[in-house]
Amino acid sequence: MAEKESAVNSLKTNVPEKMRAVVIREHGGPEVLQLEELSTPRPKAGEVLIQVKAVGLNHLDVFAREGLKGPGVPKLTLPHISGVDIAGRVAAYGSGQDACDHRFSIGDRVLVNPAYGCGNCRACRAGEPSMCRDYQIIGEHRWGGLAEFVVVPEKNIIAIPDQISDETAAAIPAVYTTAWRGVVTVGKVKTSDVVLIVGASGGLGSAQLDIAVAAGATVIAIAGSEEKRQRCLKIGAKAAFDSHGDWQTEVLEWTDGRGVDLVLDSVGKPTFRKSLNCLDFNGRMVLSGATAGDFPEISIREIYQWHRQILGAPMGNWEDFLQVTDSIWQGKLHPQVHAVYSLEEIAAAEEELDQRKHFGKIIIKPS
């Protein structure tokens with residue numbers, strides 16, 4: 001209690017004029033990331049200033065730094081601050097707002113849902129902001145949390161329970177909301193399903209594994225090292241095969257030639273066709289990313305002759321976000337934190353992410 005009161009008093013009186021932030025001013029490798037001192041942003045009406053305590057890295061951060069272009073990739077305006085998964089404390093509300101009128105007090109611990117739409121179109125009114133033509137993600141379309149402070153819409157924050165650390169909270173928003181969308185909302189996983197997760201050691205893959213196991217499905221994991229495969233088995237996978245080997249054959253042999261009911265693949269081009277051909281008749285393939293490349297070679301006949309379905313599942317809606325955070329708050333799901341870095345170590349952290357050396361999430365702590 002004394003620690004919280006101290007933090008509240010500090011925030012009330014000491015929101016600094018300047019903050020440190022990781023700024024992208026040109027596209028390239030990790031060496032282009034610059035730690036700079038900038039003016040602390042000021043929230044407007046309907047917004048809140050968050051003192052960032054932890055932020056999770058995603059491939060979105062790498063794509064922003066590299067300047068990825070292509071279908072479905074938003075045009076990035078430089079300079080830019082990325083950082084999608086934000087856990088922190090409420091530092092200030094927009095001018096003209098009285099803090100007593102809000103759900104949270106100064107100093108409260110909060111987690112940011114990074115996705116939002118216009119709020120007025122048919123998709124938004126149906127609760128599906130990712131289908132909005134003005135859909136935005138904090139850290140991708142606007143400045144994000146790789147900084148000491150960030151401004152976000154007030155409606156996009158929820159409370160973090162005392163038993164959940166900042167690091168664990170920052171491991172949740174993008175990957176767990178996307179994973180819940182893919183496994184539960186779109187994939188409609190059942191306890192009778194055999195589920196294949198490709199790239200099961202990454203942030204998204206490990207979240208999909210966690211959720212599918214908790215749902216009671218039989219899960220097969222694909223991962224690139226023996227250590228990672230052993231961790232997948234420890235989380236609850238029934239089998240784990242080498243991503244560098246002939247895992248399509250191994251999956252089919254393990255299922256006695258039948259194949260699986262559901263495949264979750266966020267790797268993309270190198271794995272797409274193998275994933276597709278691991279499906280049984282009427283199987284579902286859920287796509288939530290393409291971290292290793294777009295535009296795979298496909299056979300149309302391998303889809304329709306087998307009654308297979310290919311389904312898209314980007315970051316989920318508010319219901320997905322609340323379902324998955326509630327499950328984590330209750331201890332039913334367990335986010336994996338691989339390592340924690342400081343802002344000064346951002347280049348090394350992104351390099352580790354890009355080279356796929358991690359299992360679960362890499363977290364950045366600004367202070």
- Query: Val263, Ile298: one ILVMFWY side-chain cluster at the under-4.5 Å cut-off?
  - Reply: yes

- Query: Is there a side-chain contact between Val32 and His27, using heavy atoms and a 4.5 Å cut-off?
  - Reply: no

- With sequence neighbours excluded, residues passing side chain to side chain contact (heavy atoms under 4.5 Å, CB included) with Glu37: Lys18

- Below 4.0 angstrom, N of the basic side chain to O of the carboxylate: do Arg229 and Glu250 qualify? no

- Please determine, by modelled atom types, if Glu226 and Gln230 share a side-chain donor-acceptor pair under 3.5 angstrom. yes

- Message: My understanding is that only residues two or more places apart in sequence, or in another chain, count here; which of them pass salt bridge (Lys or Arg N to Asp or Glu O under 4.0 Å) with Arg231?
- Response: none

- Message: Quick check: is Ile364 connected to Ile50 through a chain of hydrophobic side chains (ILVMFWY, heavy atoms under 4.5 Å apart)?
- Response: yes

- Query: Can you pull the salt bridge (charged side-chain N to carboxylate O under 4.0 Å, His left out) pairs that have at least one residue in residues 173-202, sequence neighbours excluded?
  - Reply: Glu128-Arg181, Arg181-Asp320, Lys190-Asp193, Asp193-Arg284

- Message: So Val151 and Val48, do their side chains get closer than 4.5 Å, heavy atoms only?
- Response: no

- Those residues at least two apart in sequence (or on a different chain) that pass side chain to side chain donor-acceptor pair (under 3.5 Å) with Asp246 are Thr249

- Item | Contacts of Leu35 that satisfy side chain to side chain contact (heavy atoms under 4.5 Å, CB included) - sequence neighbours left out | Arg20, Val22, Leu343, Glu344

- Message: Would you say Val195 ends up clustered with Leu279 if hydrophobic residues are merged whenever their side chains have heavy atoms under 4.5 Å apart, either directly or through other cluster members?
- Response: no

- Message: Any carboxylate oxygen within less than 4.0 angstrom of a Lys/Arg side-chain nitrogen, looking at Asp166 and Arg109?
- Response: yes

- Message: I'd like to check the side chain to side chain donor-acceptor pair (under 3.5 Å) partners of Lys238; sequence neighbours left out, ordered by chain and number.
- Response: none

